[in-house]
Novice: 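Submitted below is the structure of interest, expressed as structure tokens.
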Amino acid sequence: QVQLVETGGGLVQAGDSLRLSCAASERTFNSNAAAWFRQASGKEREFVAAIARVGIKIYYSDSVKGRFTISRDNAKNTLYLQMDSLKPEDTALYYCATRNSPRYSTRASDYNYWGQGTQVTVSS
């Protein structure tokens with residue numbers, strides 16, 4: 001059972017940057033794909049970014065492409081999301097997730113383990 005803990009959220013102004021981190025409890029995390037999702041109040045959870053086991057294959061949603069960067073440090077069992085040029089519409093609870101496969105997916109239902117989420121609020 002992999003436990004994931006997200007940190008790094010906060011209240012920022014439009015145009016600012018934040019870096020989210022997700023620490024995994026098991027080294028098996030390093031063998032599998034991982035992703036970030038977000039859920040705004042009153043909306044469904046949506047895909048943000050995903051990364052394969054090795055980190056070569058990366059995929060972003062159109063809404064964050066060019067502004068967000070997903071990465072991982074397998075030596076530290078940690079997933080990151082660098083968020084630049086933040087917009088008010090990026091306000092949401094951000095979740096990291098991992099699945100029992102080295103291949104990434106954009107579907108939330110494909111992920112087996114989830115963190116508790118970290119809140120990101122962007123003011124205009």
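Please read all numbers here as calculations on a predicted model, not as lab measurements.
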Novice: Are Val2 and Tyr94 connected in the hydrophobic side-chain network, where two residues link if heavy atoms are under 4.5 Å apart?
Specialist: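 Linked, Val2 and Tyr94 end up in one cluster.
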
Novice: If hydrophobic clusters are built from ILVMFWY residues whose side chains come within less than 4.5 Å, do Met83 and Leu93 share one?
Specialist: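 Different clusters: Met83 never reaches Leu93 through Ile, Leu, Val, Met, Phe, Trp or Tyr contacts under 4.5 Å.
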
Novice: Does NZ or CZ of Arg72 fall inside the cone over Phe29's six-membered ring, less than 6.0 Å from its centre and within 45° of the axis?
Specialist: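 Flagged: Arg72 positioned over aromatic ring of Phe29.
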
Novice: For residues Tyr95 and Tyr60: do they belong to one hydrophobic cluster (side chain heavy atoms under 4.5 Å, members Ile, Leu, Val, Met, Phe, Trp, Tyr)?
Specialist: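 No: no chain of side-chain contacts under 4.5 Å links Tyr95 to Tyr60.
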
Novice: Is the shortest heavy-atom distance from the side chain of Asp90 to the side chain of Arg38 under 4.5 Å?
Specialist: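 Side chain of Asp90 against side chain of Arg38, heavy atoms only: contact under 4.5 Å found.
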
Novice: Distance from Ser25 atom OG to Leu4 atom CG, nearest 0.5 Å?
Specialist: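 Atom-to-atom, Ser25:OG and Leu4:CG are 7.0 Å apart.
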
Novice: State, yes or no, whether a side-chain contact exists between Trp114 and Arg45 at a heavy-atom distance under 4.5 Å.
Specialist: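 A side-chain contact under 4.5 Å exists here.
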
Novice: Measure the shortest side-chain to side-chain distance between Glu6 and Leu20 over non-hydrogen atoms and say whether it is less than 4.5 angstrom.
Specialist: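 Not touching, per the 4.5 Å side-chain cut-off.
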
Novice: Hydrophobic cluster membership, with links at side-chain heavy-atom distances under 4.5 Å among I/L/V/M/F/W/Y: are Val64 and Ile51 in one?
Specialist: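 As far as the 4.5 Å side-chain criterion goes, Ile51 and Val64 are connected within one cluster.
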
Novice: Where is the tightest heavy-atom contact between Ser17 and Asp84, given as atom of each residue plus distance?
Specialist: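 Heavy atoms only, the tightest pair is OG-OD1, 2.8 Å.
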
Novice: For the pair Asn32 (side chain) and Thr98 (backbone), establish whether a donor and an acceptor sit closer than 3.5 Å, ignoring hydrogens and angles.
Specialist: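 Answer holds: no.
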
Novice: Which pair of non-hydrogen atoms, one from Pro88 and one from Ala14, has the smallest distance, and what is that distance?
Specialist: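 Smallest interatomic distance, heavy atoms only, reads CD-CB, 4.1 Å.
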
Novice: For residues Glu46 and Ser61, determine if any side-chain heavy atom of one lies less than 4.5 Å from a side-chain heavy atom of the other.
Specialist: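 SC-SC contact between Glu46 and Ser61 ruled out.
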
Novice: Taking all non-hydrogen atoms of both residues, which atom of Asp110 and which atom of Ser105 are closest, and how far apart?
Specialist: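 So the two residues come closest at OD2-OG, 2.5 Å.
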
Novice: Should the heavy atoms of other residues, nucleotides or ligands under 6.0 Å from OH of Tyr59 be counted, would the total exceed 12?
Specialist: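 It does not: Tyr59 OH has 12 such atoms or fewer within range.
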
Novice: State, with a plain yes or no, whether a side-chain heavy atom of Ile58 is found less than 4.5 Å away from one of Tyr104.
Specialist: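 In short, these two side chains do not touch, never coming nearer than 4.5 Å.
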
Novice: For Phe37 and Tyr111, take the angle between the two ring planes, folded into 0 to 90°, and tell me which bin it lands in: parallel under 30, tilted 30 to 60, perpendicular over 60.
Specialist: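 If you compare the ring of Phe37 with that of Tyr111, the planes turn out perpendicular.
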
Novice: Roughly how far, to the nearest 0.5 Å, is CZ of Arg67 from CD of Gln82?
Specialist: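 Rounded to the nearest 0.5 Å, the CD-CZ separation comes to 12.0 Å.
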
Novice: In Å, rounded to the nearest 0.5 Å, how long is the span from CG of Leu11 to CD of Gln119?
Specialist: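 Those atoms lie 9.5 Å apart.
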
Novice: Roughly how far, to the nearest 0.5 Å, is OG of Ser124 from NZ of Lys87?
Specialist: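 That separation rounds to 13.5 Å.
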
Novice: Within a strict 4.5 Å, meaning less than it, do heavy atoms of the Leu79 and Ile70 side chains meet?
Specialist: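 Leu79 reaches Ile70 side chain to side chain.
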
Novice: Taking 4.0 angstrom as the limit, do Lys65 and Asp62 come out as a salt bridge?
Specialist: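 Between Asp62 and Lys65 there is a salt bridge, with a charged N closer than 4.0 Å to a carboxylate O.
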
Novice: Heavy atoms, side chains only, cut-off 4.5 Å: are Glu26 and Asn77 in contact?
Specialist: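 Glu26 does not reach Asn77 side chain to side chain.
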
Novice: Donor-acceptor pair, distance only, cut-off 3.5 Å: does the side chain of Thr118 make one with the backbone of Thr7?
Specialist: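 Not confirmed, Thr118 side chain does not pair with Thr7 backbone.
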
Novice: Are any side-chain N or O atoms of Asn112 and backbone N or O atoms of Asn100, one a donor and one an acceptor, separated by less than 3.5 Å?
Specialist: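 Looks like yes, one N/O pair under 3.5 Å.
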
Novice: Consider only side-chain heavy atoms of I, L, V, M, F, W and Y, link residues closer than 4.5 Å, and tell whether Phe68 and Trp36 are in one cluster.
Specialist: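 The answer is yes; both residues are in one hydrophobic cluster.
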
